[in-house]
Protein chains: 4
Amino acid sequence: MPKLGMEPIRKAALIKAAIAEIGAAGTLEVTVSQIARRAGVSSGLAHHYFGSKDQIFLAAMRHIQTLFRDRVRSELKAARTPRERLNAIIAASFDPEEFAPEIISSWLSFYVQAQNSVEAKRLLRIYTRRLHSNLVFNLKPLTNAANAELIAAGVAALVDGLYIRQALGENPLDRFQTMGLVWDYLELKLGQGAK
Amino acid sequence: MPKLGMEPIRKAALIKAAIAEIGAAGTLEVTVSQIARRAGVSSGLAHHYFGSKDQIFLAAMRHIQTLFRDRVRSELKAARTPRERLNAIIAASFDPEEFAPEIISSWLSFYVQAQNSVEAKRLLRIYTRRLHSNLVFNLKPLTNAANAELIAAGVAALVDGLYIRQALGENPLDRFQTMGLVWDYLELKLGQGAK
Amino acid sequence: MPKLGMEPIRKAALIKAAIAEIGAAGTLEVTVSQIARRAGVSSGLAHHYFGSKDQIFLAAMRHIQTLFRDRVRSELKAARTPRERLNAIIAASFDPEEFAPEIISSWLSFYVQAQNSVEAKRLLRIYTRRLHSNLVFNLKPLTNAANAELIAAGVAALVDGLYIRQALGENPLDRFQTMGLVWDYLELKLGQGAK
Amino acid sequence: MPKLGMEPIRKAALIKAAIAEIGAAGTLEVTVSQIARRAGVSSGLAHHYFGSKDQIFLAAMRHIQTLFRDRVRSELKAARTPRERLNAIIAASFDPEEFAPEIISSWLSFYVQAQNSVEAKRLLRIYTRRLHSNLVFNLKPLTNAANAELIAAGVAALVDGLYIRQALGENPLDRFQTMGLVWDYLELKLGQGAK
DNA sequence: CATGAATGAGTTTTCATTCAT
DNA sequence: TATGAATGAAAACTCATTCAT
């Protein structure tokens, strides 16, 4: 049992536990004690390392976004054309680990959190902006600028909507069909207004 | 000043106040006292009429769904063809009163609530099912059955996704553009797989 | 058991209990629960009526100052000359109820509190300013202005110092001797620089 | 880098840090961690050397009293007559280092502490007794015994009162005027009842 | 000697809920 | 019908203290 350098280990465990608890509860209404217990530490330690419950949530949010960003990057590695890159971005959203119930639930909860916390709103905005510009950048070679903006908005909304449905257990489609729905939208829109 | 027959009046006021509070907070984390205060009554009375906080939320949820259902019905009155009816359903979702910040925020909050409360989940399911069958029913004359299901799923997801973006203040489109995005999706899909 | 208009009754009881607890402990390190228990109510109620622990303390401080001010006024009623008024002010400080252990202890605690709380500092300043101007006002007819300021400062310091000694149980003098010490100082100073 | 003989160094650093923290906070409500951090060590070490928080406070109190005692001794060196010695004792109280905000604040805090801790009370009593007998001893050659007791009580109260005013930032006098106030009191009393 | 990890008890605070009137 | 009084359980947060290394 090492006694030094525990901080990053504990922090990681607490963040993971927070996501798991939030995912399981489907809400941010989880207690620090629950999170700490799941992480195998006392609630005092959670406060010791994070300072407050909000900070735990923000760290979890950052973590989830980092996971997503890394996934996007990894998917983008093999992509060569704009179309491939667009598909890669969408694929990242529906990767099994990303589309897992607890992660989806967490995303949704953080969306709600963003309405109350300035920092959460900031984080979420960074994410939405990055996603948007990423989409637009790869759409522009394939259609005109105005259209690129619209398609990006449509894709993003579609993904969010499908996430919600999934979180609610109201998505009749499986993972591939879900992903297919978005790809199909993209194809249709690009087919329509192609350069 | 008759004291009889106050129940429906008080209940309505409390429901309205609950939606307003939830909408303003962007969360279900509002207190019964806040709701009661906004309704101009004591918190005791809120419990007297509803029994518990959860019941207030469920009543508010039912109310919002009723408002939406009525709006759909009203929009459908003038519609004669399946296409008109589909457009009417979408139009109902983006009616100014439906697309108002507090209503959108409430919808989102209730989506979250559905993850915890069986009754909330049941209510939400009724709504999603009705919307889905309504869409499918009007899509079937225009495309094949499998496609109708997919399009209905797409439209529903798109609407939900656009609601979220709107709730977050991250929707770059105005109300008409937002609605147009959905109509456009529908047109494209129907143009593609038309009977 | 009346159910209406309890607020002032409860507030008064809580303030009294707070002073008693602080006096008994000799510290502000008393818990809200202790105060509430002594007042015969739940800690929740204390917060309900005061909002926070700090507010309870501030209310207690205000109460103690009000008691003192009233006592000064009452003592001043019978005073006709400046000298009588000066004696009256001093007498108020050493009235048996004012010089009671719990009241003295509370004064001392609030002096400490003033170092942390802006509002407490403000309250204390009001009190010290009022006392000072009260003294100076009655000293001016008896000596020159500069001297009046000095004597007022001396009297105030002497009173505070004697309070501390009393709080610590280190005052070898009884109440009358204590009061006499201050009167004596006053007489000496006035005899010295009399107009 | 010898590890032996660290104890006195660490203890001294911790005591100094404790006084600084208490002085800055104006309260004993400082954490062991704060003190340790200011001393540049871990909170564990503070406990290692002192055993408990209370012991740290007591040590700090002793230190402050030792500083004062040394200062009195040093001032007394040059004093030849009782009157000079009395002036020297007073001068020690208002030496710039003794009259520094953090030291004054600490004194006041320890006065409060004495109401709770038996040991603190004992320490404080030793100090007050010594000061008292020191004053009385030098007063007796100049006045009668009973008067000497009274004057000693008056001087001590005056000094304490002026300290409080200073701690609260409510002392309108500068250091010399403050000291002058006490000297003046002494002169007056001695002039009055001189042998 | 020294650290930082870790705990758990204690405190403030919030709030749904109950109840006497 | 309606209120506001009152509670008590639960939650966040703090911190002295202990301990393995």
Side-chain angles (χ1 to χ4, degrees), chain A residues 1-7 9-10 29-36 39-56, chain B residues 1-7 9-10 29-37 40-56, chain C residues 1-7 9-10 29-36 39-56, chain D residues 1-7 9-10 29-37 40-56:
Chain A
M1 200 190 298
K3 276 295 182 178
L4 248 65
M6 291 303 280
E7 179 159 348
I9 297 170
R10 295 306 190 197
E29 282 172 52
V30 297
T31 70
V32 173
S33 295
Q34 280 167 19
I35 294 170
V41 300
S42 70
S43 69
L45 198 67
H47 280 99
H48 177 64
Y49 282 130
F50 285 98
S52 78
K53 191 184 183 181
D54 274 1
Q55 292 301 317
I56 299 176
Chain B
M1 207 187 298
K3 286 284 185 176
L4 298 175
M6 288 305 281
E7 178 157 348
I9 297 172
R10 295 304 195 197
E29 281 173 51
V30 296
T31 70
V32 173
S33 295
Q34 279 166 22
I35 294 170
R37 196 176 314 126
V41 300
S42 70
S43 69
L45 198 66
H47 277 92
H48 177 64
Y49 281 129
F50 287 98
S52 79
K53 191 186 186 179
D54 276 359
Q55 291 303 317
I56 300 176
Chain C
M1 200 191 297
K3 276 296 184 178
L4 247 64
M6 291 304 281
E7 178 158 350
I9 297 171
R10 295 305 191 199
E29 280 172 54
V30 297
T31 69
V32 174
S33 295
Q34 281 166 21
I35 295 171
V41 299
S42 70
S43 70
L45 198 67
H47 279 98
H48 177 63
Y49 282 130
F50 286 99
S52 79
K53 191 185 184 178
D54 274 1
Q55 291 303 315
I56 298 176
Chain D
M1 205 189 301
K3 285 286 188 180
L4 298 174
M6 289 304 280
E7 179 157 348
I9 297 171
R10 296 303 195 196
E29 281 173 53
V30 298
T31 70
V32 174
S33 295
Q34 279 166 22
I35 294 170
R37 196 177 313 127
V41 301
S42 70
S43 69
L45 198 65
H47 276 93
H48 178 65
Y49 280 129
F50 287 97
S52 78
K53 190 185 184 179
D54 275 358
Q55 292 303 317
I56 299 176

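This is a predicted model, so every value here is computed, not measured. Any value given below was found using the heavy atoms of this structure, including those in side chains, with hydrogens, waters and symmetry copies removed.
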Subject >> Five-pair end axes of the helix from E/dA2-F/dT21 to E/dT21-F/dA2 and the angle they enclose, rounded to 10° >> reply: 10°
**OP:** Encode nucleotides 10-16 of chain E as B, S and - characters from 5' to 3', where the letter depends on protein heavy atoms closer than 4.0 Å: B to the base, S only to sugar-phosphate, - to neither.
**Re:** -SSBBSS
Original post:
Does OP1 or OP2 of F/dG4 have a side-chain N or O of C/Y49 closer than 4.0 Å?
Top reply: no
Original post:
Between F/dT3, F/dT7, E/dG8, which one does the side chain of A/S42 approach most closely?
Top reply: E/dG8
Subject >> Length of the CD-P vector between C/E7 and F/dG4, whole Å >> reply: 11 Å
**OP:** Would you classify B/F50 as touching base, sugar-phosphate or nothing, given that sugar-phosphate means primed atoms plus P, OP1 and OP2, and contacts are heavy atoms under 4.0 Å?
**Re:** nothing
**OP:** Identify the two heavy atoms, one from C/Q55 and one from C/F50, that lie closest to each other, and give their separation to 0.1 Å.
**Re:** CB-O, 3.0 Å
Original post:
If you measure from CZ on C/R10 to NE2 on C/H48, what distance do you get to the nearest 0.5 Å?
Top reply: 11.0 Å
Original post:
Does A/R10 make a side-chain N or O approach to OP1 or OP2 of E/dA5 shorter than 4.0 Å?
Top reply: no
Original post:
Between C/A36 and C/A46, which heavy-atom pair has the shortest distance, and what is it?
Top reply: CB-CB, 4.5 Å
**OP:** Write down the atom of D/K53, the atom of D/V30, and the distance for their closest heavy-atom approach.
**Re:** NZ-O, 2.9 Å
Original post:
Which value, rounded to the nearest 0.5 Å, describes the distance between C/E29 atom CD and D/E29 atom CD?
Top reply: 5.0 Å
